[in-house]
Amino acid sequence: MVDVSKAAKIWAVVAAIPLGKVASYGQIAALSGLPGYARYVGKVLKELPDDSRLPWHRVLRSDGKIAFPLGSEAFEKQRVRLLEEGIVVKNGKVSIRNYGW
DNA sequence: GACATGACCGCAC
DNA sequence: AGTGCGGCCATGT
């Protein structure tokens with residue numbers, strides 16, 4: 001299981017991502033006061049329930065790509081949510097300038 | 001404790 | 001631009 005004290009900070013940072021913008025796992029970790037915990041962020045998001053209201057879909061890898069294999073269900077769900085916020089996704093990669101606030 | 005795995009990252013080829 | 005490798009933290013075998 002995940003450490004709640006760390007997870008809480010991560011949740012807070014993820015929830016603070018502005019609409020229409022995205023961040024990387026590493027950034028989330030750093031802004032959460034947990035540098036080097038990029039992989040841990042992925043673990044935390046993975047444990048999120050489907051009914052969670054956190055904007056987890058705004059979290060991408062450092063290269064701007066979605067962290068799921070193209071075509072997978074999770075990939076499609078994230079892609080759609082991003083498009084609904086006006087974020088263009090091309091070949092699993094976002095095409096926005098203001099990457100990372 | 002050794003080894004493998006994961007919604008990762010950075011740098012070198 | 002794509003791949004590979006080592007490093008990263010936590011879990012599971």
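Below, each value reflects all heavy atoms present in this structure, side chains not excepted, and no hydrogens, waters or symmetry copies. Numbers restart at 1 for each chain; the letters A, B, ... are given by sequence-line order, proteins then strands. Just so it is clear, the model here is predicted, and its values are computed rather than measured.
Rounded to whole Å, the C1' atom of C/dC8 lies 12 Å from the corresponding atom of B/dG6. Between C/dT13 and B/dG1, the distance separating the two C1' atoms is 13 Å to the nearest Å.
Rounded to whole angstrom, the span from the OH atom of A/Y25 across to the C1' atom of C/dA10 amounts to 16 Å. When rounded to the nearest whole Å, the span between CD of A/Q27 and P of B/dC8 equals 15 Å. A straight line from NZ of A/K93 to P of B/dA7 spans 21 Å, rounded to a whole angstrom. Atom pair A/I10:CD1 and B/dA7:C1' shows a separation of 12 Å (rounding to whole Å applied). Rounded to whole Å, the distance from CG on A/D3 to C1' on C/dT11 is 14 Å.
The stretch residues 34-51 of chain A touches DNA chain C through A/G36, A/Y37, A/R39, A/Y40, A/K43, each having a heavy atom within less than 4.0 Å of the strand.
In this structure, A/S24 and A/Y99 approach most closely via the heavy-atom pair CB-OH, 2.9 Å. Of all heavy-atom pairs spanning A/I96 and A/K21, the tightest one is CD1-CA, 4.4 Å.
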Below 3.5 Å between N/O atoms, which protein atoms pair up with nucleotides 10-13 of chain B? Just atom names and distances, please.
none

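Residues passing the salt bridge (charged side-chain N to carboxylate O under 4.0 Å, His left out) test with A/R39, sequence neighbours excluded: none.
Atoms NZ and NZ, from A/K6 and A/K43 in turn, are 12.5 Å apart once rounded to the nearest 0.5 Å. Taking CH2 from A/W11 and CG from A/L45, the interatomic distance works out to 10.5 Å, rounded to the nearest 0.5 Å. Note that CD1 of A/I87 and CZ of A/R79 are 13.0 Å apart. Values are rounded to the nearest 0.5 Å.
Looking at A/Q78, its side chain never comes within 3.5 Å of a backbone N or O of A/R58 through a donor-acceptor pair. A donor-acceptor pair under 3.5 Å is formed between the side chain of A/S32 and the backbone N or O of A/I28.
Other residues, nucleotides and ligands contribute more than 12 heavy atoms inside 6.0 Å of the CG atom of A/D63.
For the pair A/S24 and B/dC9, the criterion of a side-chain N or O lying under 4.0 Å from OP1 or OP2 is met.
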